[in-house]
Amino acid sequence: MKTSTDKIYKDYEINTGRFNNLSYYPKIVDRIIDQITNLLDHHSRITVLRIDPKYPELPGMTIMQKNHALSTFIDKVKKQLLLSKWGSKKQVAHGWVLEKGESGSTHHHLFFAFETSFRSLGSFNPQNPTGFWKFLAECARETFNGSLHFVSSDTVNRNSPSEIKSCIKHLSYFAKTRTKDFGTNEAHKRFSFSQIKPPEYTPTQKALKNAAQQAPEATPNHPTGITQKIDYTMPQTV
């Protein structure tokens, strides 16, 4: 895939390291931008969770098995978020990337994004999580007998460009080329993202459409009920 070291990509600042010299995959950044901005077109405020799954060191556990376990975990989380106690969230964005460390072991980085609700998600305490965080930890144990490293929980408002850009920069870490293992002709996926589509009309487009529908119709210049008849067979004076 194409790589870049440009610090600014599509008006978004990218995490290119302390010295701004680390390369990244624009294709992955595109997917991040699409899912975050599409979700914000549906909801004015979203919560973005970053977590890193930790798998048990099982001999012979393949990358495809890890990917499958992660997909199962994601499906369980999305089903849980449909419940009323978490706000019946029907639209949940997610994205993950697979990386290989210097030791040769593989790991995932994962994020979820969904509409922010007034209901608390619980305590963001890695040692003793509560609420939704507790569910995530329990789901990881049940799904792949592993644990989670809770990285961050952020709220992003649609009307705050600075929050949106900060979120994209934070998630652009997923796109770094270092520790990625592309081009090996293996069948397993290296990254995957949800496919949330934008609404038929974005909030701005909806506002413009409503304004156009509410605008009064243009009235003719001549009095109501009187039409101006022009005989085009006669010469007209100017």
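By convention here, the first residue in the shown sequence is residue 1. For the numbers below, each heavy atom of this structure counts, side chains included, while hydrogens, waters and symmetry mates do not.
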Transitive ILVMFWY side-chain link Met1 to Tyr24, under 4.5 Å: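 In one cluster with Met1: Tyr24, yes.
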
Flag yes if Ile168 and Leu22 sit in one hydrophobic cluster, no otherwise; membership is Ile, Leu, Val, Met, Phe, Trp, Tyr, and two members link when side-chain heavy atoms are under 4.5 Å apart.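 Different clusters: Ile168 never reaches Leu22 through Ile, Leu, Val, Met, Phe, Trp or Tyr contacts under 4.5 Å.
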
First locate atom [atom1] of [X], then atom [atom2] of [Y], and finally report the distance between them rounded to the nearest 0.5 Å.
{"X": "His170", "Y": "Ile32", "atom1": "NE2", "atom2": "CD1", "answer": "10.5 Å"}
{"X": "Asp30", "Y": "Phe193", "atom1": "CG", "atom2": "CZ", "answer": "10.0 Å"}
{"X": "Leu98", "Y": "Asn67", "atom1": "CG", "atom2": "CG", "answer": "5.5 Å"}
{"X": "Asp52", "Y": "Ser147", "atom1": "CG", "atom2": "OG", "answer": "10.5 Å"}
{"X": "Thr143", "Y": "Lys76", "atom1": "OG1", "atom2": "NZ", "answer": "3.5 Å"}
{"X": "Ile196", "Y": "His94", "atom1": "CD1", "atom2": "NE2", "answer": "9.5 Å"}

So does Asn21 have more than 12 non-hydrogen atoms from other groups sitting under 6.0 Å from CG?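 Counting other residues, nucleotides and ligands, CG of Asn21 exceeds 12 neighbours.
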
NZ (Lys134) with more than 12 external heavy atoms under 6.0 Å: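 It does not: Lys134 NZ has 12 such atoms or fewer within range.
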
Pick one: which of Val151, Leu110, Asp154 meets side chain to side chain contact (heavy atoms under 4.5 Å, CB included) with Arg50?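 Among Val151, Leu110, Asp154, the one meeting side chain to side chain contact (heavy atoms under 4.5 Å, CB included) with Arg50 is Val151.
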
Here's a test for you: under side chain to side chain contact (heavy atoms under 4.5 Å, CB included), which of Gln65, His108, His107 qualifies with Tyr55?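 Single pass found, and it is His108.
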
State, with a plain yes or no, whether a side-chain heavy atom of [X] is found less than 4.5 Å away from one of [Y].
{"X": "Ser4", "Y": "Tyr9", "value": "no"}
{"X": "Phe111", "Y": "Phe174", "value": "yes"}
{"X": "Glu13", "Y": "Ile8", "value": "yes"}
{"X": "Leu70", "Y": "Pro53", "value": "yes"}
{"X": "Val29", "Y": "Lys10", "value": "no"}
{"X": "Phe73", "Y": "Leu136", "value": "yes"}
{"X": "Ser172", "Y": "Tyr12", "value": "no"}
{"X": "Phe112", "Y": "Thr47", "value": "no"}

Please report the C-alpha distance between Trp133 and Ile51 in whole Å, then the side-chain angles of each, then the deciding distance to 0.1 Å, and finally whether the side chain to side chain contact (heavy atoms under 4.5 Å, CB included) criterion is met. CA-CA 10 Å; Trp133 295 104; Ile51 53 180; 4.1 Å; yes

Any chance you could lay out the side chain to side chain contact (heavy atoms under 4.5 Å, CB included) test for Val97 and Tyr25, step after step, and finish with the verdict? CA-CA 12 Å; Val97 295; Tyr25 294 106; over 6 Å; no

Where the side chain of [X] meets the backbone of [Y], is there a donor-acceptor pair that is under 3.5 Å apart?
{"X": "Glu163", "Y": "Asn157", "value": "yes"}
{"X": "Lys89", "Y": "Glu115", "value": "yes"}
{"X": "Asn15", "Y": "Gly17", "value": "yes"}
{"X": "Lys78", "Y": "Val92", "value": "yes"}

Could you pull out the closest heavy-atom pair between [X] and [Y], with the gap in Å?
{"X": "Ile14", "Y": "Lys169", "answer": "C-CG, 4.3 Å"}
{"X": "Ala113", "Y": "Ile36", "answer": "CB-CD1, 4.1 Å"}
{"X": "Asn38", "Y": "His42", "answer": "O-CD2, 3.1 Å"}
{"X": "Gln35", "Y": "Gln195", "answer": "OE1-N, 3.6 Å"}
{"X": "Gly146", "Y": "Pro56", "answer": "CA-CD, 4.1 Å"}
{"X": "Thr16", "Y": "Asp6", "answer": "CG2-O, 4.1 Å"}

Residues Lys7 and Asn20: side-chain donor-acceptor under 3.5 angstrom: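 Side-chain D/A pair, Lys7 to Asn20: present.
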
Verify the distance criterion only: is there a donor paired with an acceptor across the side chains of Ser23 and Thr5 at less than 3.5 Å?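 Absent: no donor and acceptor within the cut-off.
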
Show, in sequence, the C-alpha distance, side-chain angles and deciding distance for Gln80 and Lys85, and conclude whether the side chain to side chain contact (heavy atoms under 4.5 Å, CB included) test is met. CA-CA 9 Å; Gln80 182 73 195; Lys85 68 177 180 178; 3.3 Å; yes

Check whether the ring centres of Phe135 and Phe132 lie less than 6.0 Å apart, and answer yes or no.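 Yes, they do, as the ring centres are separated by less than 6.0 Å.
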
Going by the ring-ring contact (aromatic ring centres under 6.0 Å, His included) test, name the single residue among Phe191, Trp96, Tyr173 that passes it with His109.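 Option passing the ring-ring contact (aromatic ring centres under 6.0 Å, His included) with His109: Tyr173.
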
